[in-house]
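Bear in mind the structure is a predicted one, so any value in this text is a computation, not a measurement.
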Amino acid sequence: MADTTSAPTTSPLDVNRFTAADAAELPTDVIDLIARRDATLGERTPLLYRRPIHPVSAQGLWLTDADGSRFLDMYNNVASVGHCHPAVVEAIATQAATLNTHTRYLHEGAIDYGQRLLRTMPGFGQVSFTCTGSEANDLAVRLARRATGGEGVIVTRGAYHGGTTVSAACSPSVDPDVPAWVRVVDAPDPYRSGHAAAAAFTAAVEAAADDLRRSGTGVAALLLDTVFSSDGIQPDPAGVIAGAVAAVRAAGGVFIADEVQPGFGRLGHGMWGYERHSVTPDIVTMGKPMAAGLPVAATVLTTGIADALTGSVPYFNTFGGNPVSMAAAAAVLDVIEGEHLIESVAARGDQLLGHLREIQRDTPSIGDVRGRGLFVGVEIVTDPDSRTPDRTAAAALVDGLRDRGVLISTAGHHGNVLKVRPPLPISADEVDWFAERFADTVRAG
């Protein structure tokens, strides 16, 4: 049944999350575990899939459920170098057995890793470690406000930038009722607007900046995920954000690039998503994949911003940059470099896109297949002519793949874009295995 309404979902996770109505077909032990989870964590804590999975172990791209079922993980960017990578596990265990403490003592781990990270980012001069991407974006907005004197932040309609008070306010995908200091613009959508996408995006950002200035709020920042992950994955055209960045800078603001999802080589084009657009941000934030699941994130400043703010914005995070997290983060960089994962991502991404576009040719409900590297969006529509989003069909495909042992999710303002984002070391055989099951799921309707 097609969903032709234009109303968005209220959360990026709503399309394929478990609800109480799904419990009837579940085994008793799973129902009991969900009940314990709800009582302890609250029902507001999302649980993925109509039939939730209960992983008890993982290796590489594969999760094993409590009942012995195995799932190919085509969604998880936390374990970006693969689940339980031996080098990361060893680094964590060795450091945990040696020392782990807060960041008010001297320790080489944060310094060495920070310097190594900055070498991947020419033009940047200083890094602050946090525990989550939410905290990193919160700090980035705080720094942008101090640097510019403005308060306003411009974000995209489907954006998700975190769960702190400030970062959640910059996340209209979760709560579209944004505060007065936030302006919301539509992300570029080349599927519907073609070559006009970049110009339309620039014009929207210009208008938002003008409105912030007229209101007396002023412009602090344009905060963007550089592949528009939660807006439905929009990697093209390269350079689509350049005009918008120039517009916000002309209005006195800075550009914050949220690299939590596109960063660390995921696009198969350098280390960072912003590199595809030939734009150097003023501030970069990063998180989830940094340490393969341990809590570490970062806010990184260009040399100019760092020099201007030195000593003026005190920041301290008890656990951000702790020795164990830094050991894990360094091991992740070792794996990316040592296993040549960025080059591999480019090759496996081309293979993945090729399979999906071949399936698209015989599937009218697949309106668009787009992506770079191992970050792919498959847009599900009611028909190719109207291009009307169909989130009901998208949810059915997610559930159908889960039943065939494949885990993906959805994205986009309407929740109709399948989000395919596997760990980076995926093999050619695993890409083929996924494609076969994707084709089977599409054919099953």
Side-chain angles (χ1 to χ4, degrees), residues 1-5 9 11-27 30-31 34 46-55 58 61-76 232-233 351-371 374-384 388-412 414-423 426 429-445:
M1 181 178 68
D3 182 347
T4 58
T5 64
T9 59
S11 163
L13 301 177
D14 275 355
V15 174
N16 62 307
R17 69 183 294 177
F18 170 82
T19 66
D22 302 314
E25 299 179 5
L26 297 178
V30 176
I31 294 174
I34 291 170
L47 185 61
L48 286 177
Y49 309 113
R50 301 285 195 265
R51 291 173 55 213
I53 67 166
H54 177 197
L61 271 80
W62 294 88
L63 297 171
T64 301
D65 204 348
D67 65 3
S69 299
R70 297 181 75 230
F71 297 90
L72 181 66
D73 188 349
M74 296 295 291
Y75 176 63
N76 200 326
I233 309 164
Q351 179 188 359
L352 177 60
L353 283 167
H355 279 312
L356 291 171
R357 286 172 176 156
E358 183 177 351
I359 295 167
Q360 179 190 16
R361 285 196 286 270
D362 299 320
T363 312
S365 62
I366 299 179
D368 193 29
V369 174
R370 51 185 179 259
L374 291 176
F375 209 151
V376 175
V378 180
E379 180 143 356
I380 307 301
V381 295
T382 57
D383 67 81
T388 303
D390 192 342
R391 64 175 175 263
T392 301
L397 287 169
V398 170
D399 286 332
L401 282 164
R402 178 251 179 266
D403 291 342
R404 290 170 174 82
V406 178
L407 303 180
I408 66 167
S409 190
T410 57
H414 298 281
N416 69 305
V417 179
L418 304 181
K419 188 175 188 178
V420 183
R421 185 190 55 183
I426 190 170
D429 287 345
E430 286 167 333
V431 172
D432 290 342
W433 194 91
F434 163 76
E436 289 171 5
R437 276 138 193 87
F438 188 89
D440 289 344
T441 305
V442 169
R443 283 194 292 266

What one should report as the nearest heavy-atom pair of Asp403 and Arg51 is OD1-NH1, 2.7 Å
Would you mind writing out the side-chain donor-acceptor pairs for residues 416-423 within the sub-3.5 Å range, not counting sequence neighbours?
{"residue": "Asn416", "atom": "ND2", "partner": "Glu379", "partner atom": "OE2", "Å": "3.3"}
{"residue": "Asn416", "atom": "ND2", "partner": "Ile380", "partner atom": "O", "Å": "2.9"}
{"residue": "Lys419", "atom": "NZ", "partner": "Gln261", "partner atom": "OE1", "Å": "2.8"}
{"residue": "Arg421", "atom": "NE", "partner": "Tyr75", "partner atom": "O", "Å": "2.8"}
{"residue": "Arg421", "atom": "NH1", "partner": "Gln261", "partner atom": "OE1", "Å": "2.5"}
{"residue": "Arg421", "atom": "NH2", "partner": "Tyr75", "partner atom": "O", "Å": "2.8"}

Once rounded to the nearest 0.5 Å, what's the spacing between atom CG of Asp67 and atom CD1 of Ile53? 10.0 Å
Do you know which two heavy atoms are closest between Glu430 and Leu72, and how far apart they sit? O-CD2, 3.8 Å
pair Asp390-Ser365: side-chain heavy atoms closer than 4.5 Å: no
Considering non-hydrogen atoms only, spot the tightest contact between Pro364 and Val381 and give its length. O-CG2, 4.1 Å
Rounded distance (nearest 0.5 Å) linking atom CG of Leu61 with atom CD1 of Ile426: 5.0 Å
In terms of heavy-atom contacts, Gly415 and Arg391 come closest through O-CB, 3.6 Å
Separation between OG1 (Thr410) and CG (Leu397), nearest 0.5 Å, reads 11.0 Å
Between Leu47 and Pro52, the two heavy atoms sitting closest are CD2-CG, 3.6 Å
Nearest heavy-atom contact between Ile408 and Tyr49 is O-OH, 2.8 Å
Measure the spacing between CD1 of Ile359 and CD of Glu436 and express it to the nearest 0.5 Å. 9.5 Å
Side-chain donor/acceptor pairs under 3.5 Å, residues 438-445, sequence neighbours excluded:
{"residue": "Asp440", "atom": "OD1", "partner": "Arg443", "partner atom": "NH2", "Å": "2.5"}
{"residue": "Thr441", "atom": "OG1", "partner": "Arg437", "partner atom": "O", "Å": "2.7"}

Let me confirm one number: the CZ-CG distance from Phe434 to Leu407, rounded to the nearest 0.5 Å. 11.0 Å
For Asp432, the side chain to side chain donor-acceptor pair (under 3.5 Å) test, sequence neighbours excluded, returns Gln351, His355
Less than 4.5 Å apart, side chain to side chain, heavy atoms only: is that true for His54 and Val30? no
With the side chain counted from C-beta on, respond yes when Val378 and Gln360 share a heavy-atom pair under 4.5 Å apart, and no when they do not. no
Does any non-hydrogen side-chain atom of Arg70 lie less than 4.5 Å from one of Asp65? no
